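Read through the structure below, which is laid out as structure tokens, and then see the notes.
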Amino acid sequence: MNSVNSADPERLAHLHNSRLVEHVTDCRQAEYSENTCGKSVPDALTVLPGDEESPVVIHVPHSSRLIPPGSRADLMLTDQELAAELDEATDTATDEIALAALAHVRLRPTIVINQLSRLVIDPERFPDGDPAEAFGRGAVYTRTCTGAPLRAEPYPRRAELIEAYFRPYADAVTTAVENRLNACGQAVVIDLHSYPEKPSAFEDSRAARPPLCIGTDPQHTPPWLTAAARGAFTSLAEISENTPYSGTYVPLRHYGTDDRVSSVMIELRRDTYLTDPAAPHPGRIAQLGRNLAALIDVVSDRAGDV
């Protein structure tokens with residue numbers, strides 16, 4: 001293969017997506033100034049449109065550390081305690097991994113990125129009755145990763161946060177999925193996360209914590225999609241399914257009722273690509289971007305064959 005031509009797609013993809021990357025980078029930089037200086041809140045989410053022929057939606061719900069001033073005022077933590085909580089709770093740089101994949105895919109996926117910290121709202125929980133509410137980690141957290149108080153219990157502004165942030169975000173992801181259904185006849189969500197090497201206080205300390213955990217759903221994760229995820233991330237060697245985390249994100253409108261929507265969760269152990277809780281390793285991010293791109297391409301190829 002001609003070496004110059006083989007490099008061209010990556011260069012062109014970089015140029016094409018540079019403004020999108022700059023937008024996400026601006027939001028990342030705002031996270032730190034916002035939590036310390038109280039500047040204005042940027043967009044609560046970013047949707048990066050993909051190619052019309054791609055059925056893939058990359059979902060990045062937990063990569064941000066941004067907490068608006070009104071929400072910060074209700075958190076019962078010092079700045080030092082909050083920084084530690086964000087280190088443990090944030091899926092640091094998963095947005096960078098999603099963007100890194102764009103340089104290598106044949107068809108660009110749609111990417112939805114939550115630009116607010118999960119300490120504001122957690123868009124992956126059920127809005128009501130989520131099992132994680134038992135330890136204060138439902139859609140609106142009232143407990144930290146250590147089990148310490150985060151907000152007042154019961155929290156009087158819970159409904160306000162659900163209406164202001166949870167529902168608009170859920171609507172945006174639902175719209176992205178429905179756009180893929182309309183264009184391709186199917187939609188495949190790749191739910192991108194990471195987790196710390198050591199378990200949080202509310203987690204099962206006995207559960208295996210391999211470099212990659214693949215989360216599946218009995219109805220929405222077909223065997224071929226699980227196999228594709230395993231094949232794309234073989235460089236990580238040790239891979240588990242549904243441990244230490246299980247399940248994957250499907251919009252509530254389609255959950256359990258629409259077989260045209262498939263989903264798989266990718267949970268990366270953070271020490272595989274971070275040098276400390278907030279510092280991504282560029283080379284490892286690039287490799288994981290290539291891994292993710294390989295998964296996206298398999299999904300796109302299969303969709304084209306249907």
Side-chain angles (χ1 to χ4, degrees), residues 27 31 34-35 41 43-46 57-68 70-72 74-77 82 84-95 98 112-174 176 189-196 199-203 213 215 217 244-253 255 263 265-268 270 277:
C27 291
E31 295 169 6
E34 176 67 34
N35 288 326
V41 180
D43 293 341
L45 62 103
T46 297
V57 176
I58 307 296
H59 182 228
V60 189
H62 295 154
S63 64
S64 178
R65 298 171 70 99
L66 179 62
I67 301 173
S71 294
R72 172 66 182 99
D74 288 346
L75 301 184
M76 302 160 60
L77 301 176
L82 177 59
E85 177 69 11
L86 287 169
D87 284 348
E88 186 168 351
T90 305
D91 293 355
T92 300
T94 46
D95 53 348
V112 182
I113 302 174
N114 180 18
Q115 299 294 355
L116 297 179
S117 168
R118 67 195 301 179
L119 301 188
V120 181
I121 56 97
D122 190 334
E124 290 239 329
R125 306 295 196 230
F126 292 110
D128 297 295
D130 193 284
E133 290 180 3
F135 43 87
R137 307 287 286 186
V140 178
Y141 294 173
T142 57
R143 295 276 169 171
T144 68
C145 291
T146 65
L150 178 67
R151 289 184 173 97
E153 294 180 311
Y155 179 56
R157 295 182 57 206
R158 183 184 189 281
E160 178 184 336
L161 291 183
I162 293 291
E163 291 302 318
Y165 298 120
F166 185 98
R167 298 199 189 283
Y169 182 88
D171 289 346
V173 181
T174 301
V189 178
I190 300 176
D191 191 22
L192 189 57
H193 295 264
S194 69
Y195 64 95
S200 297
F202 59 88
E203 296 176 333
C213 163
D217 177 85
Y245 302 100
S246 62
T248 185
Y249 185 85
V250 178
L252 285 176
R253 186 176 299 175
Y255 182 68
S263 183
M265 180 172 68
I266 300 296
E267 283 270 9
L268 298 160
R270 290 180 202 147

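Small disclaimer: the values here were computed from a predicted structure and weren't measured.
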Might you point out which heavy atoms bring [X] and [Y] nearest each other, and give the distance in Å?
| X | Y | value |
| --- | --- | --- |
| Leu75 | Leu82 | CD1-CD1, 4.1 Å |
| Met265 | Gly247 | CE-O, 3.2 Å |
| Ile121 | Phe166 | CD1-CA, 3.8 Å |
| Glu133 | Gly138 | CG-CA, 3.7 Å |
| Arg157 | Gly70 | NH1-O, 3.2 Å |
| Ser63 | Thr94 | CB-OG1, 3.2 Å |

Side chains of [X] and [Y]: is there a donor and an acceptor less than 3.5 Å apart?
| X | Y | answer |
| --- | --- | --- |
| Tyr155 | Asp74 | yes |
| Thr146 | Thr144 | yes |
| Arg270 | Ser194 | yes |

Do [X] and [Y] make a side-chain contact, defined as non-hydrogen atoms from C-beta onward lying under 4.5 Å apart?
| X | Y | answer |
| --- | --- | --- |
| His62 | Leu192 | no |
| Ser263 | Asp217 | no |
| Val250 | Val189 | no |
| Ile266 | Ile190 | yes |
| Tyr165 | Leu45 | no |
| Ile162 | Val140 | yes |
| Glu203 | Cys145 | no |
| Ser200 | Phe135 | no |

Other residues, nucleotides, ligands: >12 heavy atoms within 6.0 Å of Tyr245 OH:
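Enclosed: over 12 neighbouring heavy atoms sit under 6.0 Å from OH of Tyr245.
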
Is the CZ atom of Arg253 crowded by more than 12 outside heavy atoms at less than 6.0 Å?
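Not more than 12 within 6.0 Å, no.
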
Tell me if a side-chain donor or acceptor on [X] pairs with a main-chain N or O of [Y] at a distance below 3.5 Å.
| X | Y | value |
| --- | --- | --- |
| Arg118 | Ala89 | yes |
| Ser117 | Thr90 | no |
| Asp191 | Tyr249 | yes |

One thing to verify: whether Glu85 and Arg72 come together as a salt bridge, which I'm taking to mean a side-chain N less than 4.0 angstrom from a carboxylate O.
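Salt bridge: no.
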
What residues, two or more places apart in sequence or in another chain, satisfy side-chain contact (heavy atoms from CB on, under 4.5 Å) together with Pro149?
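Once residues adjacent in sequence are excluded, the partners of Pro149 under the side-chain contact (heavy atoms from CB on, under 4.5 Å) criterion are Met76, Arg143.
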
How long is the span from the [atom1] atom in [X] to the [atom2] atom in [Y], to the nearest 0.5 Å?
| X | Y | atom1 | atom2 | value |
| --- | --- | --- | --- | --- |
| Thr248 | His193 | OG1 | NE2 | 7.0 Å |
| Asp43 | Ile113 | CG | CD1 | 12.0 Å |
| Ile67 | Leu119 | CD1 | CG | 4.5 Å |
| Tyr255 | Thr174 | OH | OG1 | 14.5 Å |
| Gln115 | Asp95 | CD | CG | 7.0 Å |
| Asp91 | Ser64 | CG | OG | 11.0 Å |

Determine whether Tyr169 and His59 satisfy the following criterion, ring pair (Phe, Tyr, Trp, His ring centres under 6.0 Å), listing intermediate values before the conclusion.
CA-CA 11 Å; Tyr169 182 88; His59 182 228; 5.7 Å; yes

